[in-house]
Amino acid sequence: MSDAKLPTRAEDYSEWYNQLVLRADLADYAPVRGCMIVKPYGWTLWENIQYQLDRRFKATGHLNAGFPVFIPKSFLSKEKEHVEGFSPELAVVTIGGGEELEEPLVVRPTSETIIGYSYAKWVKSYRDLPILINLWNSVVRWEMRTKLFLRTAEFWWQEGHTAHATAEEAEAETLQMLDVYADFAINEAAIPVVKGLKTDSEKFAGALRTYTIEAMMGDTKALQSGTSHNLGQNFAKAFEIQYLDRNNETQFCWTTSWGLSTRMIGAIIMTHGDDQGLIMPPRLAPWQVVIVPIYKNDAERGPVLEAVARIKAELVDAEVRVKVDDRDTVSPGFKFNDWEMRGVPIRIEVGPKDVQKNSVALSRRDRPGREGKSFVPQAGLAEQVKTTLKDIQAALLERATAFRKANTHEPTTYDEFKTVVEKGWAHVWFAGGREEEARIKEETKATVRCIPLEQPGGSGTCFYTGQPATQKVIFARSY
RNA sequence: CGGGGCGUGGCUCAGUUUGGCUAGAGCACUCGGUUCGGGACUGAGAGGUCGAGCGUUCAAAUCGCUCCGCCCCGACCA
């Protein structure tokens, strides 16, 4: 497991990340190029993410459904931009049951097309609308360069697909789900995000508009952490999703789609992790508390384990997710480092002295070393733990927000801009288009992450073209 | 697909330049003993077609050719 120190983030951020994912036991490499195996500890985190998203989807009227992993190849071609966007990264099945297939099947890279096919069958009348469906599944995109959780050939996600009678409704849905993502990121994952609109060159293939939540990672690069697309009538027209309105006139639907993936796990790692390892936000942590029993001999062992069992039961009653590390084969010191690597928010040590004094040692993962360690009475421990978990959750969000603020700059010239995007975000007035974006990317590796929904108002001078600009955008290097 | 690097026990690597003894080390693993409040110590043990194939040679991890795989950098991306 964890036998030595991680490289520090300053030494080699990429290597820090790679080793952490493996050593925190989140995931492993698969025998298939670019694919990953999500291990139980990582999958439990994903389940907690799923639960928090799913309850929000349900609360906004969506239901889950299952759709096929195979999509007829011809479906992909029906929407022009969509096929252009996805063709290069498709996995295609040409043989089934030993026979060459009449029509090759694409392993779904996303389900807009097969959804379009189905919705066209299901929608006849304005009374059938809206359709509000979400899918929990995995999709495959044959990526050139992969990195665990951030970009793999197969990844797990949810994809919501809705169909509406009007453009206004579709836009409202798109923005509502963007809000759901932002609320989830901020309040569950403790990751501050910027809600914004993607530029044309960054939007989803086939969408009218793409909205995004963008987060700053520990190396100041940006990570697109969730997207919500207003598909307009593009897919409705390609798949003939039509209905009769109140006036008995045929209309095309307006559709949306929105997704958030296991990439969020990468975001959690890179937002909160430190040189000791992971720091799990308490609300999503697989284990919120780990209890390490400490004893020298059999005489001490009994009473200690008895106290541990009692404390565990109290925490479980208080609905705290708690793990007792009763491994006899490794030392307490090893366990401390191991669980710090894995990011458990609170560690409780129970030793002979604690048994005598009815106390425990309680350590907060967000404050390493002595500073985060205190000795607290066993009486009222459950309440103390719940309060501390809330504190940690708040502290993580606060720290990440301060970090983002400290690394977001407002350059006004291209020279300043070039320096700034080496090590942070640039929040700038911008009047350029596709061509300017491409040139800036070429020269600085930075791209427009989004046009934030929250705008200062007024106008300014574009840092690049010198033209008057009416909006500020965020430029950054990204994953 | 272009440029660079690397393939030796589970992992990290030494050995390859200059071919030559039974292919080594550390970590991890198994069994025993002592330990246990910040990554324990010790004794014994198990584990290797040296990425694959062909060739050169008395002799190949080591030299040559071919292939395969992985990593890094670029072009593409939730």
Side-chain angles (χ1 to χ4, degrees), chain A residues 1-6 12 14-15 18-19 22-23 28-29 31-34 84-90 108-111 137-147 149-159 181 198 201-205 207 210 212-214 223-229 257-267 276-277 292-298 300-301 304 325-341 347-357 359-363 368-370 372-373 375 438 441-442 445 447 478-479:
Chain A
M1 208 165 299
S2 41
D3 55 299
K5 289 204 174 72
L6 282 172
D12 188 343
S14 178
E15 193 52 26
N18 288 340
Q19 289 196 21
L22 298 176
R23 287 165 57 177
D28 200 356
Y29 291 101
V32 180
R33 191 200 71 95
E84 284 170 5
F86 281 105
S87 290
E89 49 189 52
L90 295 179
R108 67 177 164 225
T110 179
S111 302
N137 60 24
S138 71
V139 290
V140 169
R141 300 177 187 178
W142 215 258
E143 297 291 347
M144 296 296 193
R145 286 186 61 192
T146 59
K147 198 170 175 86
F149 290 118
L150 297 180
R151 181 170 302 103
T152 46
E154 180 189 25
F155 59 91
W156 290 267
W157 72 344
Q158 56 71 215
E159 41 174 332
Y181 287 157
K198 284 290 185 189
S201 52
E202 297 275 333
K203 76 177 166 69
F204 175 75
T210 291
T212 176
I213 52 171
E214 295 285 326
L223 183 72
Q224 175 176 310
S225 307
T227 47
S228 187
H229 315 292
S257 67
W258 25 276
L260 187 148
S261 74
T262 39
R263 172 181 271 190
M264 181 55 72
I265 292 175
Q276 313 308 316
V292 178
I294 290 157
Y295 45 81
K296 287 189 177 56
N297 48 48
D298 282 350
E300 289 175 355
R301 183 188 154 101
V304 165
D325 188 351
D326 56 4
R327 285 178 291 178
D328 248 343
T329 48
V330 291
S331 68
F334 181 92
K335 292 177 185 177
F336 297 168
N337 286 284
D338 194 31
W339 290 109
E340 276 165 14
M341 176 82 71
R347 180 183 71 241
I348 291 175
E349 299 163 41
V350 182
K353 291 176 202 163
D354 300 301
V355 171
Q356 277 182 3
K357 293 194 246 173
S359 66
V360 302
L362 187 149
S363 300
R370 239 170 289 131
K373 189 159 172 171
F375 298 88
K441 180 180 181 183
E442 178 79 16
K445 293 182 181 163
T447 51
S478 70
Y479 280 98

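So you know, we letter chains A, B, ... as the sequences are listed, proteins then strands, and number each from 1. Below, each value reflects all heavy atoms present in this structure, side chains not excepted, and no hydrogens, waters or symmetry copies. Since this is a predicted model, take the numbers as computed values, not measurements.
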Options B/G38, B/C36, B/C76, nucleotide nearest the side-chain atoms of A/P332 | B/C36
Expressed in angstrom and rounded to an integer, what is the separation of A/L22 atom CG from B/C71 atom P?
-> 12 Å
Residue matched to B/C63 through Watson-Crick or wobble contacts both under 3.5 angstrom | B/G55
Please give, in whole Å, the distance from B/G39 C1' to A/L6 CG?
-> 12 Å
Under 4.0 Å between any heavy atoms, over every strand shown, what does A/Y295 touch: base, sugar-phosphate, or nothing? Just pick one.
-> base
Can you tell me how far C1' in B/C71 sits from the matching atom in B/G15, rounded to whole Å?
-> 22 Å
Taking atom C1' in both B/G74 and B/U12, what distance in whole Å separates the two?
-> 29 Å
May I ask you to verify if any side-chain N or O of A/S261 is less than 4.0 angstrom from the OP1 or OP2 atom of B/A78?
-> no
Taking atom types as modelled and ignoring hydrogens, do the side chains of A/W156 and A/N137 form a donor-acceptor contact shorter than 3.5 angstrom?
-> no
Which residue lies more 5' along RNA chain B, comparing A/E349 with A/T152 via nearest heavy atoms = A/E349
Using purine N1 to pyrimidine N3 plus N6-O4 or O6-N4 for Watson-Crick, or N1-O2 and O6-N3 for G-U wobble, each under 3.5 Å, what pairs with B/C50?
-> none
Please confirm whether any donor atom in the side chain of A/R370 sits under 3.5 Å from an acceptor in the base of B/G38, or the reverse.
-> no
Separation of the C1' atoms in B/C31 and B/G38, to the nearest angstrom = 28 Å
Side-chain atoms of A/D354 come closest, of B/G39, B/A78, B/G37, to B/G37
Rounded to whole angstrom units, what separation is found between the CG atom of A/N18 and the P atom of B/U12?
-> 13 Å
If pairing means Watson-Crick or G-U wobble with both distances under 3.5 Å, then the partner of B/G19 is none
Of the nucleotides B/G39, B/G37, B/C36, which one has an atom closest to the side chain of A/A361?
-> B/G37
Pair assignment for B/C11, Watson-Crick or G-U wobble, requiring both distances under 3.5 Å = B/G26
Please indicate yes or no: is the ring centre of A/F336 less than 5.5 Å from the centre of the six-membered base ring of B/G39, with the two planes inclined by under 30 degrees?
-> no
Roughly how far apart, to the nearest Å, are B/C29 and B/G47 at atom C1'?
-> 9 Å
For A/E15 and B/C11, give me the distance from atom CD to atom C1', rounded to whole Å.
-> 13 Å
A/R301 near the nucleic acid: base, sugar-phosphate alone, or nothing, with a heavy-atom cut-off under 4.0 Å?
-> nothing
Have a look at A/G259 and say if it touches a base, only the backbone sugar-phosphate, or nothing, with a 4.0 Å heavy-atom cut-off.
-> nothing
Nearest whole angstrom, please: distance from the P of B/A75 to the NZ of A/K445.
-> 8 Å
Closest nucleotide of RNA chain B for A/E154 versus for A/V355: which of these residues is on the 5' side?
-> A/V355
To the side chain of A/T227, which of B/G37, B/A78, B/G39 is closest?
-> B/A78
The reported gap from CH2 in A/W258 to CZ in A/F204 (rounded to nearest 0.5 angstrom) is 14.0 Å
Touch check for A/L260, heavy atoms < 4.0 angstrom, all strands: base, sugar-phosphate only, or nothing?
-> nothing
So what does A/K353 hit on the nucleic acid, given a heavy-atom distance under 4.0 Å: a base, only sugar-phosphate, or nothing?
-> base
If you measure from the C1' atom in B/U56 to the same atom in B/U66, how many Å do you get, rounded?
-> 15 Å
Minimum heavy-atom distance A/F155-A/S261, with the two atoms named = CD1-CB, 3.7 Å
Heavy atoms under 4.0 Å, any strand shown: does A/N297 hit a base, just sugar-phosphate, or nothing?
-> nothing
Between atom CZ in A/F155 and atom P in B/A78, what is the gap in whole Å?
-> 8 Å
Determine the Euclidean distance between corresponding P atoms of B/A25 and B/U34; express it in Å to zero decimal places.
-> 28 Å
Counting heavy atoms from C-beta on, name the nucleotide in B/G39, B/G37, B/A78 closest to the side chain of A/I294.
-> B/G37
The Watson-Crick or G-U wobble partner of B/G43, with both key distances under 3.5 Å, is B/C31
A/W142: partners by ring-ring contact (aromatic ring centres under 6.0 Å, His included), with sequence neighbours left out | none
Rounded interatomic separation in angstrom, taking CD from A/E442 and C1' from B/A75 | 10 Å
Are A/K353 and A/E300 ion-paired here, with the side-chain N under 4.0 Å from a carboxylate O?
-> no
Once you apply the 3.5 Å cut-off to both distances, tell me the Watson-Crick or G-U wobble partner of B/A75, or none.
-> none
Point-to-point distance, once rounded to the nearest 0.5 Å, from CH2 of A/W157 to CE of A/M264 = 14.0 Å
Taking the same atom, P, in B/A14 and in B/G53, what whole-Å distance lies between them?
-> 24 Å
Expressed in whole Å, how much space separates the C1' atoms belonging to B/G45 and B/G5?
-> 37 Å
Between B/G38, B/A78, B/G37, which nucleotide has the shortest distance from any of its atoms to the side chain of A/Q224?
-> B/A78
Whole angstrom value for the distance that separates C1' of B/A40 from CG of A/D328 = 14 Å
Identify which nucleotide among B/C76, B/G38, B/G37 has an atom closest to any side-chain atom of A/E340, counting heavy atoms from C-beta outward.
-> B/G38
Separation between CZ (A/R263) and OG (A/S225), nearest 0.5 Å, reads 7.5 Å
Atom pair NE2/NZ of A/H229 and A/K203 - distance to nearest 0.5 Å | 10.5 Å
